[in-house]
There are 2 protein chains.
Amino acid sequence: MTELSKLSAPERAALTQQLEQRYNAFKAQGLKLDMTRGKPSSEQLDLASKLTVVLAENDYKGSDGSDGRNYGGLDGLPEMKAIFADLLGAPAAQVVVGGASSLTLMHDTVVRALLHGVPGSSAPWGRGPVKFICPAPGYDRHFAICEHHGIEMLTVGLNDDGPDMAEVERLVASDPAIKGMWCVPKYSNPTGTTYSESVVKRLAAMKTAAPDFRLLWDNAYAVHDLYAEGDKLANVLTACAEAGNADRALVFASTSKISFAGAGVAALASSPANIADVKRHSSIQTIGPDKLNQLRHVRFFKDYAGVLQHMTRHAELLRPKFEAVTEAFAKDLDGKGVASWTKPRGGYFISLDTLDGCASEVVRLADSAGVKLTAAGATFPRGKDPRDRNIRIAPSMPPLGQVKIAMEIVAVCVLLASLKKLGA
Amino acid sequence: MTELSKLSAPERAALTQQLEQRYNAFKAQGLKLDMTRGKPSSEQLDLASKLTVVLAENDYKGSDGSDGRNYGGLDGLPEMKAIFADLLGAPAAQVVVGGASSLTLMHDTVVRALLHGVPGSSAPWGRGPVKFICPAPGYDRHFAICEHHGIEMLTVGLNDDGPDMAEVERLVASDPAIKGMWCVPKYSNPTGTTYSESVVKRLAAMKTAAPDFRLLWDNAYAVHDLYAEGDKLANVLTACAEAGNADRALVFASTSKISFAGAGVAALASSPANIADVKRHSSIQTIGPDKLNQLRHVRFFKDYAGVLQHMTRHAELLRPKFEAVTEAFAKDLDGKGVASWTKPRGGYFISLDTLDGCASEVVRLADSAGVKLTAAGATFPRGKDPRDRNIRIAPSMPPLGQVKIAMEIVAVCVLLASLKKLGA
């Protein structure tokens with residue numbers, strides 16, 4: 001393999017011609033492949049098909065005697081809280097189970113803070129300017145919450161062990177308007193990065209100018225390992241408590257990518273003070289969550305060990321797709337000096353970096369050949385990648401055969417865009 | 001029957017002694033009867049027991065081809081929207097189905113308006129003082145939303161045909177800080193009042209100083225008739241559109257008291273501009289609602305006619321309980337000049353008015369005799385009934401036999417409290 005930049009002009013022209021032939025051959029197939037979103041595949045959803053029928057007509061009582069068909073139980077059934085206690089890494093008393101969407105729990109946490117502040121606030125956040133630290137590339141829906149509610153986003157880089165901590169520490173120490181930070185600490189969307197123990201401890205212990213600074217810890221991929229030996233994430237709640245910042249972190253997760261996406265169960269965990277505050281707010285917003293769906297999940301998974309066991313079957317379906325992506329990239333892009341990509345050991349995404357200024361062109365070329373990718377820039381605040389180089393690859397949804405074809409096409413598009421950029 | 005106030009002092013003393021004997025006899029039974037909340041009874045919930053098992057393992061596709069087990073579908077399945085379109089009185093395109101709780105939809109509507117305003121706002125509501133008109137007696141959870149978010153509540157009286165419209169019109173015409181009004185327009189909580197067509201039209205047409213004034217139309221009891229001939233409620237969305245105020249009303253409902261409380265489906269309907277605004281906000285808050293639970297409801301009820309049919313079975317269970325309340329009150333309180341009560345033709349509550357200053361004492365006496373009632377004052381903003389006379393009776397949950405005993409006890413408590421007040 002030779003780096004493209006080292007080829008002579010005639011060599012580049014010949015290579016371009018050859019790639020265009022491959023590209024046009026794909027285009028002629030009239031493919032329609034969608035790699036845009038991190039949705040589970042039908043096969044993954046089928047793994048939980050018994051969830052739909054696991055409850056008998058007369059099976060509606062929680063272990064606390066509550067009737068799942070009636071009002072009540074603001075923070076969830078005890079047996080559902082027990083499962084999330086293990087998953088989130090907190091005592092059950094510090095868990096609130098609510099609704100089906102962790103995105104909603106995160107959104108509402110931000111909204112409540114804007115209107116009311118959080119424990120330790122001297123005023124509602126919304127009284128003044130509010131800024132959040134946004135490691136990027138990151139999750140577009142986190143950024144959308146900030147953008148929608150007028151929260152200024154401060155982008156920091158994401159290294160192999162987590163956010164650029166020197167930069168994070170510098171920012172939060174000096175600016176009291178920085179109230180929060182988005183974190184996907186395990187198998188981060190889209191890079192697959194897991195924060196190191198050192199990074200978790202620094203986040204927990206760092207001095208913040210705002211006394212009411214919060215880590216919004218979206219542990220979306222807590223149990224989403226692709227391999228038997230998964231990445232290990234330090235417990236942020238413990239780290240915060242040990243550092244004397246017990247109220248700093250709010251931890252979120254859901255079963256959307258464990259049972260059914262959008263029809264699962266979501267929960268959060270935090271310090272006793274934060275949990276009391278969450279309950280105070282949520283008692284105004286709801287009479288209680290859907291306990292029957294919680295009971296369905298409890299009967300199906302039984303306990304946390306059951307969840308982990310179930311996730312090994314997801315891994316069997318996802319692993320070949322992830323490996324197909326990295327193999328396709330390796331085959332066409334290794335040693336060419338025009339792209340790098342992550343090889344995550346879990347989560348839902350692979351992150352592809354092209355040469356600066358090429359990502360939009362790759363997405364455009366792929367689209368013309370029938371492969372829809374997440375829009376270039378989506379992984380950065382306001383949808384603007386300053387170097388226009390990052391592309392999020394979401395291999396979970398399409399069948400394996402389609403992933404293989406789609407990734408070969410993307411690799412060809414990367415080469416074509418790179419040659420154009422290099423002045424082929 | 002003689003009015004208590006016309007009895008001589010010795011007659012009152014004798015009557016008091018006699019009532020105290022009855023009261024103490026009840027007390028000696030060590031009863032534990034809970035009449036506090038408008039929860040459906042187990043028998044009512046059993047009517048929908050097939051809902052739990054109506055979906056087969058492979059029955060997860062909506063009529064639009066969407067997989068109910070996967071993400072997507074921000075505003076609900078088309079077939080669920082169709083049912084709510086009939087129930088809410090709006091075209092399906094103007095319906096958003098979301099989550100399980102109409103309380104949450106209402107709460108979030110208020111929160112969004114505080115942070116962002118609504119179509120027609122020149123600024124977020126929260127930038128200045130916000131006031132809501134609160135017909136009272138009314139629903140405590142509506143008032144709690146206002147209190148929690150610092151919205152000033154302006155109490156107006158509720159007449160037999162709805163809110164005191166002269167007062168409402170006077171208030172909204174003069175004060176641009178009045179941004180909203182809570183309405184339970186059919187079988188109002190707790191009086192059972194249904195707004196007349198004239199009231200609905202006046203609400204739709206009245207001049208408001210705030211250009212972005214909203215009616216929060218909580219049609220919680222839209223199909224909750226106790227008798228074959230139910231109250232008729234005029235369509236507020238139509239009335240608003242005809243009056244040139246198309247964006248004025250937001251209509252809410254859920255199946256909590258149709259299928260399962262807290263595990264049902266909630267929806268809202270409004271003008272196209274408001275619906276577009278709702279979707280713009282909710283797309284930030286969620287990827288979509290639980291479509292499987294929607295599908296479950298669609299399979300069970302089939303259509304709106306199926307919902308209406310189902311509600312006749314609820315009526316059969318509820319009607320005897322409502323009649324037991326009014327019969328118990330008639331037996332002990334008729335003609336005594338110390339209490340009046342409503343005889344609603346639907347909904348979940350009966351409203352009892354005692355002599356001024358007696359409600360708290362009645363609730364206290366009943367509690368001591370083992371009958372828990374909703375706290376006196378709960379039906380007024382900030383939990384303060386200025387005349388301390390209104391008590392909300394919630395007969396749905398306990399078995400009929402318990403309702404009868406509880407209401408006899410409450411009647412005795414009313415008489416005792418009244419005699420004390422009259423100076424027995």
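We name chains A, B, ... by the order of the sequence lines, and we start the count at 1 in each one.
- Here A:D46 is the residue among A:V54, A:D46, A:L105, A:L51 with the most heavy-atom pairs under 4.5 Å with chain B.
- For chain B, the nearby parts of A:N70 are the backbone and the side chain; heavy atoms of each come within less than 4.5 Å.
- Ranked by heavy-atom pairs under 4.5 Å with chain B, the list A:R37, A:E147, A:K257 is led by A:K257.
- For the pair B:K50 and B:F300, the cation-pi test (distance below 6.0 Å, angle within 45°) is failed.
- Annotation: maximal heavy-atom pairing with chain B below 4.5 Å, among A:L292, A:I145, A:I287, occurs at A:I287.
- Of the atoms belonging to A:D59, not a single heavy atom falls under 4.5 Å from chain B.
- Chain A forms more heavy-atom pairs under 4.5 Å with one residue of B:L55, B:V110, B:I284, B:T52 than with any other, namely B:I284.
- B:S259 places a side-chain heavy atom less than 4.5 Å from the side chain of B:F301.
- If you measure heavy-atom distances from A:N58 to chain B, you find no contacts under 4.5 Å at all.
- No other option in B:K291, B:H116, B:M106, B:Q44 has as many heavy-atom pairs under 4.5 Å with chain A as B:H116.
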**Message:** Show, in sequence, the C-alpha distance, side-chain angles and deciding distance for B:W182 and B:C146, and conclude whether the side-chain contact (heavy atoms from CB on, under 4.5 Å) test is met.
**Reply:** CA-CA 10 Å; B:W182 290 113; B:C146 285; 3.2 Å; yes
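- With a 4.5 angstrom heavy-atom cutoff, A:M397 touches chain B only via side-chain atoms.
- Ion pairing between B:R296 and B:D290 fails under the 4.0 Å rule for side-chain N and carboxylate O.
- Under a 3.5 Å cut-off, the side chain of B:Q294 and the backbone N or O of B:G76 do not form any donor-acceptor pair.
- In this structure, the separation between CZ on A:R141 and CD on B:Q285 is 12.0 Å, given to the nearest 0.5 Å.
- Taking the ring centre of A:F132 as origin, the terminal cationic atom of A:K179 falls outside the region bounded by 6.0 Å and 45° from the ring axis.
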**Request:** With ring-ring contact (aromatic ring centres under 6.0 Å, His included) as the test, would you mind laying out the steps for A:Y187 and A:H224 before giving the verdict?
**Result:** CA-CA 8 Å; A:Y187 305 135; A:H224 301 61; 8.3 Å; no
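- Heavy-atom distances place the backbone of A:A56, and not its side chain, under 4.5 Å from chain B.
- Other residues, nucleotides and ligands contribute at most 12 non-hydrogen atoms within 6.0 Å of the CZ atom of A:R313.
- For the set A:H148, A:R69, A:H107, the entry with the most heavy-atom pairs within less than 4.5 Å of chain B is A:R69.
- The most heavy-atom pairs under 4.5 Å with chain A, out of B:S283, B:S42, B:G68, come from B:S42.
- Only the side chain of A:S101 comes within less than 4.5 Å of a heavy atom of chain B; its backbone N, CA, C and O stay farther away.
- Ranked by heavy-atom pairs under 4.5 Å with chain A, the list B:S256, B:S282, B:G99, B:P289 is led by B:S256.
- Note on B:G126, B:G288, B:G262, B:G150: by heavy-atom pairs under 4.5 Å with chain A, the leading option is B:G262.
- A salt bridge links B:D75 with B:K81: the closest approach of a Lys/Arg side-chain nitrogen to an acidic carboxylate oxygen falls below 4.0 angstrom.
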